[in-house]
K.L.:
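Sharing a structure, written as structure tokens. Questions coming.
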Amino acid sequence: MFPTTRPRRLRRTENLRRLVRETRLSAADLIYPLFVMPGSNVRREIPSLPGCFHLSPDQAAAEGRRLADLGLPGVLLFGLPESKDESGSEAWAETGVVPQAIRSLKRAAPDLLVLTDVCLCEYTSHGHCGLLDSRGEVDNDATLPLLARVAVSHAAAGADLVAPSDMMDGRVAALRSALDAAGHAQVGLMSYTAKYASAFYGPFREAADCAPQSGDRRGYQMDPANRREARREAAEDTAEGADILMVKPALAYLDILRDLAETSDLPLAAYNVSGEYAMVKAAAARGWLDERRVVLEILTSLRRAGADIIITYHAPDALGWLAESPPC
Ligand code: PBG
């Protein structure tokens with residue numbers, strides 16, 4: 001008891017604080033999302049995600065090379081197709097923009113991990129994550145083989161991990177068996193396990209042009225009010241063969257991250273989503289927040305809550321800051 005005990009003793013100098021720090025953040029924890037679009041030599045800033053760019057495959061490769069040299073372990077690819085249709089068929093085109101970008105990245109930076117988002121919403125004319133049935137509802141079972149084709153097309157182009165973000169039931173098993181049957185047993189699955197129907201995806205939907213044309217995603221993404229259901233999703237994804245689980249969004253869902261960290265032995269990822277990024281950027285641009293300190297505090301807190309891996313639009317800045325000095 002005080003005055004014998006004095007926790008402040010260990011906070012006195014930076015080296016003392018460093019010695020007793022419980023959580024570490026390093027470049028090795030970060031994954032950077034990239035938005036790839038058709039063409040060449042395209043590098044266009046995304047208005048809703050300042051500091052992030054729409055990139056053609058050649059420019060995505062150059063960005064990947066640059067970030068790999070700064071110590072980034074991997075990127076997560078999202079594609080903006082040339083054209084959309086009812087079933088989202090460009091999503092599994094072998095010559096599609098994502099396979100092109102995978103090949104360019106693998107040539108430019110062979111060791112950089114290439115993860116790909118597997119979903120239909122950027123590719124369907126209606127903007128939903130799966131096929132619509134005659135009542136206009138997303139047809140779970142009819143969507144599974146299409147998602148499997150998308151995953152196989154990414155694996156064939158050289159993806160290291162595929163990441164289904166659609167929230168159909170049974171998609172992890174469907175992807176695993178299709179990948180194995182196509183000879184891609186070594187390609188891993190990072191499942192968007194607890195993906196909530198969140199308003200924090202707003203800036204992304206503008207960036208990826210994937211807002212639903214009618215209705216919303218509450219019929220397949222999780223209800224933000226639910227906690228136990230995330231554990232159930234985690235158990236199902238694990239049984240179906242997921243290699244990595246993910247919680248998304250991150251900041252308003254730290255309790256879910258902590259739950260899954262404690263109840264699962266799989267590596268756990270947190271997706272620090274577009275709205276979380278946009279809030280920090282907007283406040284920093286007005287001088288209301290110290291961007292560097294806030295970003296490193298957020299990323300450290302995601303690690304403390306239980307994330308092994310953090311997918312974040314702040315990755316390029318964070319790599320630079322981490323190379324300069326300790327996080328907090
Ligand atoms: C596609 C997908 C979305 C995000 C990742 N994959 C949008 C959505 O589900 O509406 C959001 C990412 C972000 O906000 O940063 N299904």
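Counting convention: from 1, in listed order, for ligands and their atoms alike. We're numbering straight along the sequence, starting at 1. This is a predicted model, so every value here is computed, not measured. Just so you know, these numbers use all the heavy atoms, side chains as well, and skip hydrogens, waters and symmetry mates.
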K.L.:
Quick one: which of Leu131, Leu120, Thr124 gives a side chain to side chain contact (heavy atoms under 4.5 Å, CB included) with Ser87?
P.N.:
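For Ser87, the side chain to side chain contact (heavy atoms under 4.5 Å, CB included) check succeeds only for Leu131.
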K.L.:
As an exercise, identify every atom of ligand 1 less than 4.0 angstrom from a heavy atom of Tyr271.
P.N.:
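Those of ligand 1 that fall under 4.0 Å from Tyr271 are 12 (C), 15 (O).
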K.L.:
Specify side chain, backbone, both or neither for Asp117, according to which of its non-hydrogen atoms lie closer than 4.0 Å to ligand 1.
P.N.:
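Under 4.0 Å from ligand 1, Asp117 contributes side-chain atoms alone.
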K.L.:
Can Gln221 be said to touch ligand 1, with heavy atoms closer than 4.0 Å?
P.N.:
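Judged by the 4.0 Å heavy-atom criterion, Gln221 does count as contacting ligand 1.
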K.L.:
With side chain to side chain contact (heavy atoms under 4.5 Å, CB included) as the test, pick out the partner of Ile102 among Val36, Leu77, Leu115, Val97.
P.N.:
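When side chain to side chain contact (heavy atoms under 4.5 Å, CB included) is applied between Ile102 and each of Val36, Leu77, Leu115, Val97, only Leu77 qualifies.
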K.L.:
Quick one: pull up OH in Tyr32 and CG in Leu67 and give me the separation to the nearest 0.5 Å.
P.N.:
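One gets 7.0 Å once the value is rounded to the nearest 0.5 Å.
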K.L.:
Near Lys248, which atoms of ligand 1 are under 4.0 Å from a heavy atom of that residue?
P.N.:
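Ligand 1 atoms under the 4.0 Å threshold to Lys248: 2 (C), 3 (C), 4 (C), 5 (C), 6 (N), 11 (C), 12 (C).
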K.L.:
Any N/O of Glu122 closer than 3.5 Å to an N/O of ligand 1?
P.N.:
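Looking only at distances, the answer is no, because the N/O contact criterion of under 3.5 Å is not met.
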K.L.:
To which protein heavy atom is atom 15 (O) of ligand 1 closest, and what is the distance rounded to 0.1 Å?
P.N.:
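Of the protein heavy atoms, Tyr313 OH, 2.6 Å lies nearest.
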K.L.:
Looking only at protein heavy atoms, identify the closest one to atom 8 (C) of ligand 1 and say how far it is in Å.
P.N.:
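Looking at atom 8 (C) of ligand 1, the protein heavy atom closest to it is Arg217 NE, 3.5 Å.
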K.L.:
Ion pair present between Arg232 and Glu229, side-chain N to carboxylate O less than 4.0 angstrom?
P.N.:
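No.
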K.L.:
Does a side chain donor of either Thr13 or Asn15 reach within less than 3.5 Å of an acceptor in the other side chain?
P.N.:
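Checked: Thr13/Asn15 side chains show no N/O donor-acceptor pair below 3.5 Å.
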K.L.:
Output the list of atoms in ligand 1 that are nearer than 4.0 Å to some heavy atom of Cys119, sorted by atom number.
P.N.:
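Within the 4.0 Å cut-off of Cys119, ligand 1 contributes 16 (N).
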K.L.:
Does some non-hydrogen atom of Met167 fall short of 4.0 Å from ligand 1?
P.N.:
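Contact check Met167 vs ligand 1: negative.
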K.L.:
Going by an N to O cut-off under 4.0 Å, is there a salt bridge joining Asp160 and Lys106?
P.N.:
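Salt bridge: yes.
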K.L.:
Could you identify the single nearest non-hydrogen protein atom to atom 16 (N) of ligand 1 and state the distance to 0.1 Å?
P.N.:
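Result: Lys195 NZ, 3.0 Å.
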K.L.:
Measure from NZ or CZ of Lys195 to the centre of the six-membered ring of Tyr201 and say whether it is under 6.0 Å with the direction within 45° of the ring axis.
P.N.:
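That pair qualifies as a cation-pi contact.
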K.L.:
Looking at Glu297 and Arg304, does any basic side-chain N land under 4.0 Å from a carboxylate oxygen?
P.N.:
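Between Arg304 and Glu297 there is no salt bridge, as every charged N stays at least 4.0 Å from the carboxylate O atoms.
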K.L.:
At a 4.0 Å threshold, what atoms of ligand 1 neighbour a non-hydrogen atom of Ser165?
P.N.:
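Once the distances to Ser165 are compared, the set is 1 (C), 2 (C), 6 (N), 16 (N).
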K.L.:
Run the numbers for me: atoms of ligand 1, each under 4.0 Å from some heavy atom of Cys121, listed by number.
P.N.:
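Per the distance check, 1 (C), 16 (N).
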K.L.:
Decide, yes or no, whether a salt bridge links Lys281 with Glu291 under the criterion of side-chain N to carboxylate O below 4.0 Å.
P.N.:
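So Lys281 pairs with Glu291 through a salt bridge.
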K.L.:
Just need the protein heavy atom nearest to atom 14 (O) of ligand 1, so name the residue and atom and give the distance.
P.N.:
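Checking every protein heavy atom, the shortest distance to atom 14 (O) of ligand 1 gives Ser274 OG, 2.7 Å.
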K.L.:
Report, in ascending order of atom number, the atoms of ligand 1 lying under 4.0 Å from any heavy atom of Arg205.
P.N.:
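Result: 8 (C), 10 (O).
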K.L.:
Counting only heavy atoms not in Glu45, do more than 12 sit closer than 6.0 Å to its CD atom?
P.N.:
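Yes, because the 6.0 Å sphere around CD of Glu45 holds more than 12 heavy atoms from other groups.
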K.L.:
Would you call Phe78 a ligand 1 contact, heavy-atom distance under 4.0 Å?
P.N.:
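Judged by the 4.0 Å heavy-atom criterion, Phe78 does count as contacting ligand 1.
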